[in-house]
Amino acid sequence: MARWRLCLLILAALFGPAAPRETLRAQIWAQPPAPTLYHQLMLICEVTGEIGPQEYLWEKQGSPGPLQKRPNGILLFRPFNKTHLGTYTCTATGPQGTVVATYSLWINDMVGSVFVFPQESQSAYVQVKAKLEQPLNNFTVCLRSFTDLTRPCSLFSYATKNQSKEILLFKPGPGQYKFYVGGEFLLFTVPKSLGESEHVCASWESSTGIVRFWFNGKPWPRKGLQRGYTVGVPASILLGQEQDSFGGSFDAQQSFVGEISSVYMWDMGISTSGVEAAMYNRPNETPIFGWRNFPYKIVGEVYLKP
């Protein structure tokens, strides 16, 4: 009886229904996720399935012929410019068949525009729609603001579920900036500006804890904060409100009133020359997100104006 059972099992394995093969699927994604004009960009055609494809054909809608036909799925733009905008198709072919993916490559160049926060509010803000995949051991944040507020206000708030002040650029009053990392802060005193916008940048590195701060392109003395810390993900990134919890718990008395523009964030430190370039929206290094292609959503009474 045992031998018959064994024979039946062997026959079932040999002639029974085969396990279903994994369906081939393709998707295209960009690296970096928020492309910046005049910097390198890659479109990556990624295929999942039992056996990977052997040939990738890239085409662009409106172009007379194929752009590229290679055994790898990377389409490289070096550098990326406005002539590259459009809809791209990747056709991947392999032993299991053919699969197609499309990608719309467009940018939201904000140069010449500002976010206007017209009045004190507990519900108005701009959400930065970038998704950070990895924790940060280095970063730089830059922005330009224009306000006549004399009370405290929040400019840039990066919160995680574990720490609402993971990164916070906060203005206690005229001539002062607080820069938070992981809930701890440094205070920087700057000249008071009358009737002029202010451009600030702050960078931090985990290995030393060194913080650099620039005001209108001029570097301030370096200080130390949170050595060995790691900035977490996922993050809720907002302009104009301070988050006392992940994505919420706003205080109208800390809301921003005025104009914000030229917002950039990098996952690295940048130099003074890099800060000066960012002041004029010509960044030297590719940012995580920036004003040349800014991913945002307006919530409440905030306006995008020239």
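Quick caveat: nothing in here was measured; it's all calculated off a predicted structure.
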So, for Ala30 and Leu41, which heavy atoms are closest and what is the spacing to 0.1 Å? CB-CD1, 4.1 Å

Would you say the side-chain atoms of Glu166 pair up with the backbone N or O of Gly232, donor to acceptor, closer than 3.5 Å? yes

If hydrophobic clusters are built from ILVMFWY residues whose side chains come within less than 4.5 Å, do Phe156 and Phe215 share one? yes

Tyr264 and Trp266 aromatic centres sub-6.0 Å: yes

With rounding to the nearest 0.5 angstrom, report the OG1 to OH distance, Thr189 to Tyr177. 11.5 Å

Of the options Val231, Thr160, Val233, which is the one that meets Pro135 in a side-chain contact (heavy atoms from CB on, under 4.5 Å)? Val233

Parallel, tilted or perpendicular: rings of Trp220 and Phe213 (30°, 60°): perpendicular

With a 4.5 Å cut-off on side-chain heavy atoms, are Ser123 and Val299 touching? no

Any chance you could measure Asn138, atom CG, to Glu205, atom CD, to the nearest 0.5 Å? 6.0 Å

Under 6.0 Å from the six-membered ring centre of Phe188 and within 45° of its axis: does the NZ or CZ of Lys223 meet both? yes

All N/O donor-acceptor pairs, side-chain side in residues 111-120, below 3.5 Å, sequence neighbours left out:
unit_1, atom_1, unit_2, atom_2, d
Gln119, NE2, Glu301, OE1, 2.8
Glu120, OE1, Arg151, NE, 3.2
Glu120, OE1, Arg151, NH2, 3.4
Glu120, OE2, Gln253, NE2, 2.9

When you measure from the side chain of Thr230 to the backbone N and O of Asn137, does any donor-acceptor pair fall under 3.5 Å? no

What are the two closest non-hydrogen atoms of Ser273 and Asn284, and how far apart are they? O-ND2, 3.7 Å

Checking Thr98 side chain against Thr93 main chain: does a donor-acceptor pair fall under 3.5 Å? no

Gln176 and Leu187: CA distance, side-chain angles, deciding distance, side-chain contact (heavy atoms from CB on, under 4.5 Å) verdict: CA-CA 7 Å; Gln176 291 185 322; Leu187 179 66; 4.0 Å; yes

Do Thr89 and Val100 have side chains that approach each other closer than 4.5 Å (heavy atoms only, starting at C-beta)? yes

Give, for atom OG of Ser249 and atom CG of Asp244, the distance between the pair rounded to the nearest 0.5 Å. 6.0 Å

Would you check if the side chain of Asn293 reaches a backbone N or O of Ile107 as a donor-acceptor pair within less than 3.5 Å? no

Looking at NZ of Lys178 and CG of Leu168, how far apart are the two atoms once the value is rounded to the nearest 0.5 Å? 9.5 Å

For the student: nearest non-hydrogen atoms of Pro35 and Phe80, plus distance: CB-CE2, 3.8 Å

Please say whether more than 12 non-hydrogen atoms of neighbouring residues, nucleotides or ligands are located less than 6.0 Å from CG in Asp148. no

Check step by step if side-chain contact (heavy atoms from CB on, under 4.5 Å) holds for Phe250 and Ser255. CA-CA 8 Å; Phe250 306 136; Ser255 66; over 6 Å; no

Would you check if the distance from the ring center of Tyr158 to the ring center of Phe289 is below 6.0 Å? no

Considering all heavy atoms, the nearest Gln122-Gln241 contact: C-NE2, 3.8 Å

Are any non-hydrogen side-chain atoms of Trp29 and Gln31 less than 4.5 angstrom apart? yes

For residues Trp204 and Phe139, establish whether the separation of their ring centroids is below 6.0 Å. yes

Any side-chain heavy atom of Ser203 within less than 4.5 Å of one from Ile270? no

Linked, directly or transitively: Ile260 and Val275 (ILVMFWY side chains, under 4.5 Å): yes

Transitively linked via ILVMFWY side-chain contacts under 4.5 Å: Ile74 with Trp58? no

Same hydrophobic cluster for Leu143 and Val126, using side-chain heavy-atom links shorter than 4.5 Å among ILVMFWY? yes

Between Thr272 and Arg212, is a side-chain contact (heavy atoms from CB on, under 4.5 Å) present by the stated rule, with each step listed? CA-CA 10 Å; Thr272 296; Arg212 300 192 70 184; 3.7 Å; yes

Exercise: identify the closest heavy-atom pair between Arg292 and Leu37: NH2-CD1, 3.8 Å

Would Glu259 and Arg144 satisfy salt bridge (charged side-chain N to carboxylate O under 4.0 Å, His left out), going step by step from the backbone distance to the final call? CA-CA 8 Å; Glu259 302 176 5; Arg144 183 178 294 279; over 6 Å; no

Do the side chains of Tyr180 and Gln226 get nearer than 4.5 Å, heavy atoms only? no

If you round to the nearest 0.5 Å, how far is CD1 of Ile237 from CE of Met265? 5.5 Å

Could you check whether any side-chain heavy atom of Leu304 comes within less than 4.5 Å of a side-chain heavy atom of Tyr296, counting everything from C-beta outward? yes

Rounding to 0.5 Å, atoms OG (Ser262) and CZ (Phe294) come to a distance of 10.0 Å

Under 4.5 Å between side-chain heavy atoms, hopping through other hydrophobics if needed: is there a path connecting Tyr103 to Ile44? no

Let's go through Val200 and Phe179 carefully: what are the C-alpha distance in whole Å and the side-chain angles of both, what is the deciding distance for side-chain contact (heavy atoms from CB on, under 4.5 Å) to 0.1 Å, and is it a yes or a no? CA-CA 11 Å; Val200 295; Phe179 177 58; over 6 Å; no

Evaluate the side-chain proximity of Gln243 to Tyr125: yes if any heavy-atom separation is below 4.5 Å, no if none is. no

Any idea which heavy atoms bring Val302 and Ala124 closest together, and the distance? CG2-CB, 3.9 Å

Do Phe256 and Lys171 come close enough that some side-chain heavy atom pair is under 4.5 Å? no

